[in-house]
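Here's the structure, in structure tokens; my notes come after.
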Amino acid sequence: QAKANGGSGMRVYTPDLGTQNAERFEMEKGLHKALEREQFRLVFQPQIALGTGAVYGAEALVRWESEDRVIPPCEFIPLAEDTGLVVPIGLWVLRQACAEARRWADAGMAELVVSVNLSAQQLETNDFPATVRKVLEETGVAPNRLCLEITEYSAVQNLDRCIKLLKELTDIGVIIAIDDFGTGQSPLVLLKRFPVQTIKIDPSFVRDMSEDSGGEAIVRAVIAMSHSLGLTVTAEGVETEEQLEILHRMECDRIQGYYTGRPMASDAFVAYYRGVASGVSSWES
Ligand code: C2E
Ligand code: MG
Ligand code: MG
Ligand code: MG
């Protein structure tokens with residue numbers, strides 16, 4: 001047990017740090033193994049077009065199926081980023097997501113867009129746009145059926161280089177979205193310089209919307225600004241009908257959240273899509 005050092009405020013003995021390092025090391029070993037054994041799995045969360053109620057597509061979210069439990073990305077993506085493993089993991093995710101999109105298209109759902117999260121490191125790898133082009137070719141997915149999500153934070157690290165890369169990606173024809181919009185440091189004016197098509201409003205703003213009118217004003221302003229810049233808007237973390245109604249009135253383009261669908265296996269997503277398209281089932285019920 002740790003002993004406090006008589007009020008000096010200095011910690012002489014830090015078992016927690018040692019344990020943490022050991023845990024991180026174990027987890028890093030586990031991540032290497034997981035890559036070799038393909039212990040990763042994707043789940044898909046529906047995105048709904050508010051104007052029509054149609055299913056626009058789905059965001060691919062990675063899960064790690066370790067021997068004893070399913071580990072969510074918040075528990076291993078930070079370590080994967082620290083160790084560089086996020087690059088091969090991210091490539092696996094991109095391939096797998098595109099392979100699923102191809103299966104959806106083959107099953108008659110060619111209009112669906114699959115969204116994939118990118119970490120800044122992936123964007124920085126040697127000729128990432130060429131990698132994307134190759135994966136699209138290999139899987140036979142139309143470029144405009146793939147959306148790449150980057151966070152504001154990763155976007156501003158090296159601005160000019162980032163803009164150049166995003167330009168190359170949009171030239172291929174893929175859609176670029178800014179994820180977690182509003183939580184980063186970047187000034188709004190950057191949006192004008194960024195070759196992006198969509199912004200995703202962070203769940204924290206959606207949550208605040210129902211709590212006070214200030215929260216609602218911010219979301220309204222972000223939607224108006226995005227539209228005047230020619231961008232579309234997806235609101236994330238929509239959990240209630242009330243939030244959906246407010247966003248609909250504000251002419252938000254799309255929503256994603258537990259209210260319209262939790263992340264699910266690809267097969268379940270296909271069934272979900274068919275249910276909504278045939279009008280037999282609806283996310284409203
Ligand atoms: P994100 O890209 O912002 O993804 C949305 C997260 O919000 C997902 O968590 C999703 O399950 C959760 N969510 C969706 N709707 C709701 C809702 O109504 N309420 C609440 N409370 N949460 C909701 P998840 O799957 O745990 O992913 C967390 C983060 O991990 C993602 O945030 C993303 O930044 C990262 N991530 C996931 N997959 C990948 C990946 O393949 N590569 C990289 N680099 N990052 C990933
Ligand atoms: Mg995302
Ligand atoms: Mg997000
Ligand atoms: Mg995020």
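Counting starts at 1 for both ligands and their atoms, following the listed order.
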Discussion item. Is it the case that ligand 1 has an N or O less than 3.5 angstrom from some N or O of Leu61?
Written reply: no

Discussion item. So if I count the atoms of ligand 1 from 1 in the order they appear, which ones are less than 4.0 Å from some heavy atom of Gly237?
Written reply: 16 (C), 17 (C), 18 (O)

Discussion item. Between Asp267 and Arg103, is the salt bridge (Lys or Arg N to Asp or Glu O under 4.0 Å) condition met? List the steps.
Written reply: CA-CA 10 Å; Asp267 285 351; Arg103 255 169 247 139; over 6 Å; no

Response to the item:
Contacts of Phe76 meeting ring pair (Phe, Tyr, Trp, His ring centres under 6.0 Å) (sequence neighbours excluded), chain-then-number -> Phe40, Trp64

Worksheet item: Is Arg133 paired with Asp171 through a side-chain N to carboxylate O contact shorter than 4.0 Å?
Response: no

Discussion item. Check Glu137 with Lys134, please: is the shortest side-chain N to carboxylate O separation under 4.0 Å?
Written reply: no

Worksheet item: Do any of the N, O or S atoms of Glu59 sit under 2.8 Å from the Mg ion (ligand 2)?
Response: yes

Item to complete: Give the intermediate values and the outcome of ring pair (Phe, Tyr, Trp, His ring centres under 6.0 Å) for residues Tyr273 and Trp104.
Response: CA-CA 10 Å; Tyr273 173 89; Trp104 300 341; 8.9 Å; no

Practice prompt. Measure the spacing between OG1 of Thr83 and CD of Glu28 and express it to the nearest 0.5 Å.
Written response: 5.0 Å

Worksheet item: Would you say Asp179 has any N or O atom under 3.5 Å from an N or O of ligand 1, going by distance alone?
Response: yes

Discussion item. Using a plain distance cutoff, I'd like to know if Asn117 has any nitrogen or oxygen under 3.5 Å from a nitrogen or oxygen of ligand 1.
Written reply: yes

Worksheet entry | Ligand-side contact atoms (ligand 1) for residue partner Pro73, heavy atom cut-off under 4.0 Å | 24 (P), 25 (O), 26 (O), 27 (O), 28 (C), 30 (O), 36 (N), 37 (C)

Worksheet item: Less than 4.0 Å between a side-chain N and a carboxylate O, is that true for Glu26 and Lys29?
Response: yes

Worksheet item: What part of Val93 sits under 4.0 Å from ligand 1 if we count only heavy atoms: the side chain, the backbone, both or neither?
Response: side chain

Worksheet item: Can Asp106 and Arg102 be counted as an ion pair, charged N to O under 4.0 angstrom?
Response: yes

Discussion item. Within the structure, is a non-hydrogen atom of Arg63 found at a distance of less than 4.0 Å from ligand 1?
Written reply: yes

Practice prompt. Provide the closest heavy-atom pair for Arg262 versus Pro46 in the form atom of the first, atom of the second, distance.
Written response: O-CD, 3.7 Å

Response to the item:
Between the CD atom in Gln256 and the CD1 atom in Ile201, the distance rounded to the nearest 0.5 Å is 12.5 Å

Fill in: Which N, O or S atom of Glu149 lies nearest to the Mg ion (ligand 2), by name
OE1

Practice prompt. May I ask you to list the atoms of ligand 1 that are less than 4.0 angstrom from any heavy atom of Gly257?
Written response: 15 (N), 18 (O)

Worksheet item: Would you say Glu239 and ligand 1 have an N/O pair spaced under 3.5 Å apart?
Response: yes

Practice prompt. Between Gln122 and ligand 1, find which residue part has any heavy-atom pair under 4.0 Å and reply side chain, backbone, both or neither.
Written response: neither

Worksheet item: Is there an N/O/S atom in Asp180 that lies less than 2.8 Å from the Mg ion (ligand 3)?
Response: yes

Worksheet item: Does ligand 1 have an atom under 4.0 Å from some heavy atom of Pro72?
Response: no

Worksheet item: So which N/O/S atom does Glu236 have closest to the Mg ion (ligand 3)?
Response: OE1

Worksheet entry | Gap between atom OG1 of Thr131 and atom CZ of Arg95 - 0.5 Å precision | 8.5 Å

Discussion item. List ligand 1 atoms under 4.0 Å from Asp180, heavy atoms only on the residue side.
Written reply: 3 (O)

Discussion item. Please determine whether any non-hydrogen atom of Pro263 lies less than 4.0 Å from an atom of ligand 1.
Written reply: yes

Practice prompt. With heavy atoms only and a cut-off of under 4.0 Å, state how Arg262 meets ligand 1: side chain, backbone, both or neither.
Written response: neither

Discussion item. Taking backbone and side chain together, does Ser115 place any N/O/S atom at a distance below 2.8 Å from the Mg ion (ligand 2)?
Written reply: no

Worksheet, complete the sentence: On a heavy-atom basis, the closest approach of Pro73 and Val62 is CD-O, 3.3 Å

Discussion item. To 10 degrees, how wide is the angle OD2 (Asp179) to the Mg ion (ligand 2) to OD1 (Asn117)?
Written reply: 90°

Item to complete: Sorted by first residue and then second, give each side chain to side chain donor-acceptor pair (under 3.5 Å) pair with at least one member in residues 218-232; sequence neighbours left out.
Response: Thr198-Thr232, Glu216-Arg220, His227-Asp253, Thr232-Arg254

Fill in: For Gln45, the ligand 1 atoms whose distance to one of its heavy atoms is below 4.0 Å
10 (C), 14 (C), 15 (N)

